[in-house]
Each structure stands twice: as C-alpha cells, then as structure tokens.
Amino acid sequence: MTNMARYTKSFSLRLLCSKQFIFVIVGLVFIAVLPLIIDSEYVISEVLAPMLIFAIYASSWNLLACSGQGSLGHAAFLGIGGFTSALLAIKIGVPPLLGLFFGGLFSAAIGFLIGLTCVRLKAWFLGMVTFGFAVIALTLVSQFDSVIGGIMGFRTPLIVPRGIFFYYFTFAMAAISVLIIYLIMKSKLGLAFKAIRENELEAKMTGINTAKYRLVAFVLSTFFAGLAGGLYAQYIRYIDVSIFSPHFSFLPLMMAVIGGLGTISGPLIGSVIIVSIDAYLPRIDPLMQGFVGSLFPAVSNVGPPIRMMLLGIILLLVVIFAPKGIHSIIDRAYVYLMNKRAAVRQ
Amino acid sequence: MITPSGLAETLLWGVANGCIYILLATGLSIIFGVMKLVNFAHGQLLMLGAYIAFTTSVVLGLNAYVAILFAMVGVAIIGFVVERLTFRKVLGTEKLNEIFVSLGLIYIFENVAVLLWGNKSAQISSSIPGILSLAGISISYDRLAAMGIVAVILLSIVLLMKKTKIGLAMQATSQKSDVAKLMGINVEKVYVFTFALGAALAGAAGALYGIIFPFSPTLGALPTIKAFAIIILGGLGSIPGAVVGGLLYGIAETTAGYLLGGIWSDAIAFVLLIFVLVIKPTGLFGGKGD
Amino acid sequence: MQKKILVAIATIVIIVVIASAGVWQLTQQPTPSPSPTPTQTATSTPSPNARSIRIGLVAGYQLAEGQDMDRAARLAVEEINAAGGVYVAEWNTKVPIELIIVDTGKDTAGETVGPITRAVVEDRVDLLIGGYTSAGTLAGQVVAIENRVPFIITGASSNLVTRRGPQGNFGGLAEDDARRISDAEGMSYMFHYCTTTSDYSTTVVNFFAETMKPLLDSTYHFDSSRPFRLALIYRNDAFGKGVVADTKNLIATRNLPIEIVAERSYQTTATTFQTDLTVIKDAKPDAVYVVDFIANTAEIIKEGRKDVGLNTVYIAVECCEDPQFYTLLGEYGDGVLLESKFASYAGPPFYLPAIETYVANYKAKYNTLPGMMGADTYDAFYIAKDAIERAGTLDKAAVRTAIEQIDLPQMLIMTQTGTIQFSTGTNYHEILPVTFVEQLIYNATLQEARPKIVYPSTVPVVGPIKQADFVLPTGYQPGSP
C-alpha cells in the first residue's frame with residue numbers, strides 16, 4: 001500500500017470515530033426539533049412516532065440476533081408487553097407509566113423461560129420454537145378471553161396525550177433504549193455475543209459460557225420488545241390479539257436486516273425506511289391501479305400486494321448483495337467521499 | 001362427547017391428513033439432508049402447487065389428479081430458479097441468512113399469488129366424489145386416493161435415492177459434501193436438483209391439498225410449521241423419520257382437536273416441538289448431526 | 001480541520017433535509033376548507049367556495065368483502081354524480097362526491113388506525129363510510145370521534161361501536177381540558193347501519209322454534225315437549241363468540257324449547273374441522289349453527305356432509321351471502337340454510353324493488369352479483385347524500401344531526417318500520433333491520449345452489465316475502481329422540 005493510501009486510511013479511521021459522535025448529537029437535535037418544523041399532526045403521530053417505537057422494537061430484535069439467535073416470534077413479547085401494561089393499568093390501577101416498565105419486565109421474565117429452552121438450539125430450531133411460542137401465546141390469550149378480553153380487544157389508558165407530547169415521550173424512551181442497547185453491544189457482553197454469533201464452537205472453546213450469554217441476550221432483548229409493545233399499545237390506543245400475528249414478528253427482522261444487522265443504526269434506518277413505505281407509498285395506489293390494475297383483474301387494489309412484494313425483494317437484495325444492510329452502503333459511500341477529499345488534498 | 005367410533009375416525013383422519021404433511025416434510029427433509037439448508041418458504045411452494053393445479057385443471061379442463069403432474073413440474077421450475085438466484089448465493093454464509101432469504105421469498109410468493117389469483121379461497125374440484133363408509137366410519141375417496149398417491153411418490157423417491165446415479169450422488173453429498181466434491185460429483189448440480197425435487201414434492205402436496213381443502217394465498221405459513229415439526233420429530237434428513245413423524249403428527253393434531261378443542265389443533269405442533277427439542281434435541285430418530 | 005469540514009457537511013445535509021421536509025409539507029397542505037359565509041343572499045349563483053364532498057370508504061381490500069364494498073361504493077357515487085351530485089344549499093349548487101379510498105388491509109386493529117388518521121387529518125374527509133371487523137372499527141373510530149367526523153359504520157357485528165359508556169378518555173386529555181371530547185358528544189358522530197349479532201341470532205332461534213321444530217315433531221312423531229337439539233360451531237374471535245353468547249341469551253330470556261347439545265370452537269386460522277364435526281355428530285343434533293365467514297363455513301358444511309357423514313341442517317350467518325359461498329359449496333349447498341338480510345340471489349323477482357335495480361346495475365358494471373357487505377355500503381352513501389341535503393352544509397356537526405334525524409324509506413336493507421332511522425336510547429344509533437332465513441336448493445344447470453326465502457312468511461311493511469316452504473334436506477337425520 002502506498003504511503004498516501006496508508007495515510008488516508010488512518011485518517012478515515014479517526015474520522016469514523018468522531019463522525020459517530022457528531023452524527024449522534026446532530027441526529028438527536030434533529031429529531032427533537034423536527035415537530036417544530038413539520039407542522040403536520042398526521043406526520044408527527046402516524047409516521048414519526050411509530051418510527052421511534054419500531055426503532056426500539058427492531059433494536060431489541062437486533063440485539064438478540066447479535067448473539068446469533070434469529071427469533072421469528074418476537075411478536076409474542078411485543079404482545080405480552082402490550083397486554084401486561086394495559087391490563088395492569090385497567091384492572092389494578094397501576095399508573096400507566098409504571099405499567100409500561102412492568103410490561104417490559106414481565107416480558108423479560110417470559111423471555112427468560114423461553115430462552116432457557118432455546119439456548120442450546122441451532123438457528124432454524126430457534127426460529128421455529130420462537131415462532132411457535134408466538135402461536136402459543138395467541139392461543140393462550142384467546143383461551144383466557146374472559147379474563148383478558150383480548151379477542152375483541154380494548155382501549156388502552158394513555159400515559160401522555162396524543163400528538164406532540166406522545167412524540168417527545170416516545171423520543172425519550174427510544175433514545176434511552178437505544179443508548180442502553182448501544183452500551184450493551186459495546187461492552188464485554190456485546191463482544192461475547194458477537195463471538196457466539198460468529199462461531200459458537202470456537203467461542204465455547206475460548207471458555208465463554210455460550211448458554212449463559214445467549215440467555216442474557218434473550219432476557220435483555222425481550223425486555224425492550226415488551227417495552228416497545230407497551231408503547232405500541234399507547235400509539236394505537238387499542239390492543240387485541242392481532243398483535244401476536246406473524247406480521248409483527250417479521251417486521252423487526254426486516255427492519256434490522258435491511259438497515260444493517262448487528263449495527264446500532266441499522267434497525268433505526270430500517271425502521272425509517274419501512275414505516276415510510278407504509279405511510280407514503282399508499283398515496284400512489286390509485287396511480288398504480290390505473291397503470292397496472294388491468295393486468296391483475298383478481299384484485300381491486302394492487303397497491304398493498306405490490307408493496308409487500310417489494311419489501312420481500314428488497315430483503316432478498318440486501319441479504320444477497322449487501323449483507324451488512326443499507327448502513328454499510330451509506331458507510332461505504334461516506335468513506336469513498338472522504339477518501340476522495342483526502343486524496344484531492346494531498 | 002368422546003366415543004370409540006369418534007376416536008377411530010379421528011385417528012383415521014389423522015393418518016389421512018398426515019399423508020399430505022409427509023409429502024411436504026419429505027421434500028423439506030431431503031433438501032436439508034443434502035444441502036443442510038432450511039427453507040421457511042416451503043409452505044408457499046405448496047400453495048403455489050395448489051394454484052398451478054387449480055389453474056391447469058380449470059383452464060385446460062384436466063382431471064384433478066393429472067393436474068398434480070403439472071403442479072410438480074411447475075413448482076420444480078420455481079424451485080430451480082429460486083435455488084440458483086437466491087439460496088445458492090447465501091449457502092456457506094451464516095445460517096441466519098437462509099432464514100432471511102426464506103422470509104423474503106415468503107413475501108414474494110404470497111403477494112404474487114394474490115396478484116395473480118386474488119384473495120379469495122379456491123378449491124380444485126375432485127374427480128372422484130363420494131365416501132366410503134365402513135362400520136360407522138366414513139372417509140372420502142379423495143383422501144384415500146391421496147394416501148395412495150403419496151405412497152407411490154414416496155416409493156419413487158426411495159427408488160430414486162437408491163438406484164439412480166443422481167440419487168447416489170445426493171446421498172454422498174449429504175454425508176460429506178467435501179469428499180463428494182473430491183470424488184468428482186458436481187455438488188452444485190446435485191444441490192439444484194435436490195432443491196427442485198424437494199419443491200416438486202411440495203407442489204404435489206399442494207395439488208393434493210387443493211383437492212381436499214380450500215386454499216388461499218395465505219396458506220403457506222401453517223403447513224411449513226407443521227412440516228418442520230414433523231422433520232424435527234422424525235429427525236432431520238431421514239425419510240422414514242418424515243413418514244413416521246408425519247403420521248404421528250397428523251394423529252396428534254386431530255386427537256388434540258378432538259379432546260382439547262379445536263383451538264389447540266395448531267398450537268399442538270409447537271407444544272410437541274418444544275417438548276421434543278427439550279428432551280432430545282436431535283429428534284426422535286436422532287438424525288445426522290445438525 | 002477535517003472536523004470543521006465534517007461539521008459543515010453535516011449542517012448542509014441537515015438544512016437540505018429540513019428544507020425538503022418543509023417543501024414536502026407545503027405541497028401536501030390541502031386547500032383549506034372554506035368557512036361558510038354567514039351572509040348568504042337569496043341568489044341562485046353557485047358559491048365560489050363550492051367543492052366536492054370527500055367521503056372516505058373504510059374497507060379492507062385484502063378481504064373479498066372489502067372489494068364488494070368498494071364496488072358498491074363506486075356504483076353509488078357514480079349514480080349520485082351522474083345525477084349532478086349532492087345539493088348543498090349553502091353553496092346554491094350541486095357538488096359531486098369524491099370517493100377517498102381508506103384501505104385497511106385485513107381490517108385488524110393495528111391496520112385501521114393509520115389509514116383512517118390519514119383520511120381524517122390529511123385528506124380531511126367530510127364523512128366516513130365503512131368498517132368491517134369490530135376490533136378494527138373500535139380502534140380506528142377513535143380518530144374520527146376526536147375530530148368529530150361523522151362515521152356511518154356499515155360493518156362490525158358488535159354494538160360496541162356505537163356504545164356510549166365508560167370508554168371516554170379520548171386523546172388522553174384531563175377531564176377539565178377544553179379539548180377533551182365527552183363520550184356522549186364523541187359517540188354522537190358514530191352511526192351503525194348494520195345488523196348486530198343479536199339480530200342474526202333472533203331470527204335463527206325463532207326459526208328453529210317456530211318452523212323447524214314443529215316440522216320435526218310432526219315428521220318424526222316426537223313429543224312436543226322434546227327440546228330442539230342445536231349444535232354450535234364457531235370461530236374463536238369476537239364475531240363467533242358474540243353470536244354464540246347472544247344465541248344462548250335469547251334462548252334463555254325467551255324461554256325457547258331449544259337445547260344446546262354441543263358447542264365447538266376453533267382458531268381463526270383453522271382450515272379443517274373434522275374433529276369438531278365428529279364430536280358434534282356424536283351429540284346427535286337436529287341442526288348445526290355455523291358461525292364463520294364464507295370460506296370456513298363452506299368448508300365446514302362440505303366436510304360435515306361429505307366426510308363426517310353429519311347429515312343435518314346447517315345454518316350459516318348472513319356474511320356468507322356472497323357469490324363465493326355458492327361456488328365453494330357446489331352441490332353440497334343443497335338444503336343448507338342461510339340467515340340473511342340481503343338476498344341478491346333469491347330472485348328475480350326480488351322481495352324489494354330496490355334490489356332489482358341494484359342487482360341489475362351491479363351485474364352490468366362488474367359482471368358479478370353483489371354480496372351483503374356492499375348493500376349496506378351502497379345505502380350508506382344515499383344516507384349521507386340525504387343528510388347533507390337536509391343539513392344544507394358540510395359542517396360536520398350539522399351533518400351529524402341530520403343523519404340522526406333521518407327518516408328515509410328503506411332501501412336495500414329491510415327494517416322493522418320500513419324506514420331508515422337511528423335509535424337514540426341505550427342501544428344507540430342502531431337500526432332495526434329485518435333478517436330472514438333462506439334455504440338453498442341445488443340447480444343442476446348452474447352447478448350451484450340458489451336460495452329461496454323460507455322464513456318468516458311476512459315482514460312489517462313489505463308484507464309477504466316467503467318464496468318457498470322449508471323442507472328437510474334429502475338424507476336428513478334428526479338428532480336422537
């Protein structure tokens with residue numbers, strides 16, 4: 001490698017470190033200031049707030065995946081968190097804010113039990129078992145309908161009023177959650193997770209108690225998933241068994257993978273992308289119906305199936321061509337630009 | 001109310017339903033055994049098989065049972081394309097990638113089906129209506145035919161694996177793929193063939209399913225889970241395991257529904273799964289190391 | 001030095017993003033609704049403020065029923081606009097209806113909130129029509145309530161959608177906050193133009209008690225004290241459980257001679273029902289009440305008759321009144337009963353003239369026969385038109401009051417009084433629909449069954465509607481004596 005290249009490379013590395021910090025600060029300020037610029041109640045409540053909620057949810061899934069455990073049933077914990085927080089507030093009168101945390105805690109407790117069965121399982125088994133647990137959770141909640149009332153569902157008591165208050169509340173929750181997850185991933189715990197994900201056998205040989213760490217990852221992940229569930233119940237202002245559906249299990253996976261599996265910003269990027277698609281693409285549905293509707297006479301509205309198919313295709317493309325997600329594409333572009341700038345400077 | 005004849009019928013249907021699951025599970029098991037690949041979109045291949053059979057029987061006016069062949073060929077082609085374009089690229093990378101690819105495929109298959117055939121339920125009209133009734137127990141001819149066809153297909157698979165060159169190559173690859181490569185076996189060709197074969201089996205299962213039950217684009221998810229439960233019960237990579245597992249599962253499903261109530265029929269797959277995995281993580285028939 | 005460049009780039013990026021966000025927002029800002037000018041002179045020149053009426057159709061397009069609602073809505077809007085539109089006195093002119101599609105996917109609770117919010121807050125609809133599932137409607141209606149948008153709910157089998165009560169808490173605002181909407185006021189914007197679970201069950205149990213039981217008793221020489229043996233098989237969700245609860249309640253309160261001999265439920269994702277049917281067969285019922293949507297009901301009936309050998313009378317719920325039901329059943333539809341409120345297949349000639357024209361127009365435009373959900377939706381558009389014309393303005397509170405005071409002759413859905421009126425008592429903003437029972441008879445040419453109304457003989461206002469006598473299906477086996 002030439003001297004110039006080596007020089008550029010080390011500069012790039014240092015830039016990367018400081019860049020992260022600045023971006024984080026800028027990002028936080030940006031999110032805080034956003035509602036003052038965007039004057040639309042709809043965008044604040046229905047686009048930005050869910051982005052934050054799903055950022056937590058996707059990050060929780062991401063944390064688990066960092067330890068090599070790809071859960072296909074995270075909706076179970078979303079639902080447990082949601083129902084617990086809502087029921088505690090309604091039936092026992094626990095203040096909804098406290099209920100939110102208890103929702104997360106209870107979800108983590110269940111996560112502990114499920115984690116126990118999962119720690120020794122390989123990826124596909126774990127996927128199956130976690131998916132199965134979501135089905136069992138749905139069945140159980142349906143079975144105890146007379147107590148829980150989840151089949152018809154019910155309105156959830158709110159912590160803060162809708163709109164801008166809810167936005168800032170969710171922002172605070174998301175910032176704290178992502179920060180904690182960041183600290184976990186950067187700590188020795190996070191390194192252990194990474195090692196297990198890369199090669200479990202080797203990790204074991206270096207003395208890591210893989211079962212213990214996998215269980216810890218499970219508990220931490222399900223706590224945040226439960227928290228996200230409570231927030232989701234706040235956002236929709238309703239909760240019923242549909243929260244246990246496979247769709248909610250696959251969403252955090254898609255967000256984390258498309259954004260960048262294993263990174264901190266990956267789930268955030270994924271959340272922004274997917275929530276935007278769901279919020280804005282429906283506007284062109286009438287256009288799409290006009291253009292291609294006649295090709296598909298069997299459906300009245302071609303928009304939604306095309307959109308979902310698009311998500312599947314994006315997922316495939318990301319996994320095959322850019323396994324580190326959109327985050328890596330942004331990174332590569334940035335480094336490329338910085339290198340060019342540094343090269344021009346020399 | 002539980003009666004002996006009720007129980008007997010329940011067991012009989014368990015077996016009949018189990019047959020379709022067996023076909024699905026065998027396809028999955030073969031793919032896993034040879035390629036060590038797990039495809040969560042397998043149930044969607046069943047769904048596509050049902051739709052292809054439906055379309056050919058309606059458009060070409062063919063007998064429902066002849067349409068099975070079309071379904072098998074059609075889905076095999078889809079399997080071929082899928083393997084070459086997607087799974088091949090992620091084989092060898094971390095296992096999670098296979099799960100992600102499967103998920104992407106699920107979304108694609110389901111929504112393509114919705115675009116082409118709509119959201120409504122469809123059913124393939126059968127060519128042998130009627131029921132056979134013996135001693136208070138009845139079963140439709142369709143189900144009996146399905147059992148027979150499954151048996152025929154399974155036998156052919158066994159013959160294929162044991163007697164043909166490609167079958168032996170598959171067996172060799174499943175045991176030690178690096179050694180197989182050294183022996184001159186074109187492993188890539190074997191992989192693509194295996195996947196297409198597994199897909200064809202799913203297509204056949206779909207065509208049979210479509211004659212007996214109504215189906216819609218969202219069909220795929222549950223059969224996949226059931227197929228997985230079966231091969232885990234029976235041991236990954238083992239065909240006899242898939243057969244026994246399929247029958248056991250079918251019986252467990254109907255019996256659970258009979259005794260505990262209909263809402264437990266689906267969940268039973270997972271309860272069983274978790275139970276087996278906790279006790280014997282390699283499945284009832286222990287399988288090759290996973 | 002590098003850091004400064006970094007900061008500069010970051011600042012530029014942020015400014016660009018914020019600027020484009022702002023621009024995007026500005027381009028999205030719809031033209032503000034014109035405020036009504038109080039000084040309206042008695043001229044006949046149309047007001048320059050006139051604009052089209054934005055009505056949001058809340059339907060789940062991933063469901064076949066949602067697509068039926070879409071077609072019916074478009075037909076209604078086309079008809080109304082072809083005649084010039086809706087007359088708004090305030091503007092001295094007729095204005096057309098602009099149909100805004102609010103696609104709620106499968107209409108689950110999570111899927112309705114977003115689209116309805118966008119319709120209310122961004123598209124600024126004047127009125128909403130639709131809704132299908134109870135949970136989805138309950139979740140999604142909150143936004144409409146908070147923004148005081150009249151919502152004519154044409155689906156949802158539960159009367160909770162218009163129930164006033166301790167559900168308040170809209171917006172999570174404190175009791176003394178001026179922006180908080182009281183439950184009474186908020187719910188006043190909700191109207192339920194649909195049958196509820198008790199409407200279905202009432203007709204069904206009355207039919208069994210009044211018509212089928214006497215027929216059984218005389219045919220099989222049962223003692224009249226023998227109770228009618230009814231089995232229930234239902235999907236385990238709010239809809240299924242609601243119907244079952246109402247059925248049992250009605251039997252108890254009216255002291256009907258009906259005994260529930262078997263009761264089986266299954267998960268909404270089930271596709272096969274043999275075990276449940278076997279248990280029911282062993283309980284030897286006289287009839288089976290199947291509570292589910294089209295695909296599963298057809299499957300249950302087919303499996304029951306074909307596979308399990310349960311040769312009894314099956315009665316399906318009105319949501320099965322749809323072309324797909326007849327197609328899926330095929331020959332196994334023969335003798336099957338269907339509780340219904342809109343019989344698009346039982347004619348021509350139809351029991352109601354409005355149905356003749358609707359079916360003919362729908363068929364001409366879409367080449368298929370209409371289903372039940374669309375009928376409610378179609379009527380709702382005419383209800384909206386009538387209300388707006390009587391209110392003379394698009395002011396939502398005025399339109400709401402106008403809907404509440406409606407007194408139109410019935411259209412596609414029959415009512416007990418022959419008029420469309422919304423109740424104002426505890427059972428709030430509901431209608432009094434008439435439901436009836438049809439029996440399907442196989443038609444070899446069509447290779448499908450077709451219905452004939454068998455109960456009741458007459459209904460208020462319309463008079464006699466019975467088209468055929470109820471007969472026991474071929475091969476029928478009664479329950480145990």
Side-chain angles (χ1 to χ4, degrees), chain B residues 1-14 16-17 20 111 114 118-123 125-126 129-133 136-143 209 212-219 221-223 225 250 253-268, chain C residues 60-68 105-106 231 233-237 240 261-284 293-300 302-303 305-311 322-325 327-332 447:
Chain B
M1 203 192 329
I2 299 175
T3 65
S5 74
L7 211 51
E9 267 185 335
T10 305
L11 288 171
L12 187 58
W13 280 322
N17 290 348
I20 298 185
N111 289 289
V114 166
N119 271 306
K120 296 190 180 193
S121 296
Q123 183 144 13
S125 26
S126 153
I131 324 178
L132 177 69
S133 283
I137 301 176
S138 23
I139 187 158
S140 65
Y141 286 120
D142 284 324
R143 281 177 217 254
Y209 187 98
I212 299 176
F213 303 112
F215 56 92
S216 70
T218 48
L219 175 61
L222 279 174
I225 277 54
E253 188 184 56
T254 48
T255 315
Y258 187 63
L259 297 173
L260 298 172
I263 50 181
W264 282 99
S265 296
D266 293 338
I268 197 71
Chain C
Y61 281 69
Q62 284 180 46
L63 306 166
E65 292 84 354
Q67 304 191 2
D68 184 35
K106 291 202 196 56
I233 179 168
Y234 61 100
R235 64 188 280 122
N236 194 38
D237 73 353
V261 297
E263 196 185 319
R264 299 285 296 188
S265 86
Y266 47 83
Q267 211 64 292
T268 55
T269 46
T271 46
T272 165
F273 312 93
Q274 299 135 340
T275 43
D276 299 309
L277 286 165
T278 312
V279 171
I280 290 180
K281 179 167 108 168
D282 288 336
K284 299 203 187 21
F293 301 115
I294 301 163
N296 286 352
T297 307
E299 183 58 20
I300 289 173
K302 278 191 353 207
E303 277 184 17
R305 302 186 67 182
K306 185 166 92 150
D307 300 325
V308 178
L310 179 56
N311 289 315
D322 184 276
Q324 221 203 132
F325 187 56
T327 312
L328 283 174
L329 275 179
E331 50 170 343
Y332 294 102
Q447 298 215 310

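The chains referred to below are lettered A, B, ... by the order of the sequence lines, with proteins before strands, and numbering in each begins at 1.
- For the atom pair OG1 of C/T327 and CD of B/Q123, the computed distance is 12.0 Å after rounding to the nearest 0.5 Å.
- The CD atom of C/Q62 sits 9.5 Å away from atom OG1 of B/T218, with the distance rounded to the nearest 0.5 Å.
- For chain B, the option among C/L328, C/T275, C/T268 with the highest count of heavy-atom pairs below 4.5 Å is C/T275.
- The heavy-atom pair separating C/Q274 from B/W13 by the smallest distance is CB-CE3, 3.3 Å.
- Looking at every heavy atom in both residues, B/N119 comes nearest to C/Y61 through ND2-O, 3.9 Å.
- With chain B as the partner, the residue from C/K302, C/E303, C/E299 showing the most heavy-atom pairs under 4.5 Å is C/E299.
- At a 4.5 Å heavy-atom cutoff, the contact between B/T10 and chain C is made by side-chain atoms alone.
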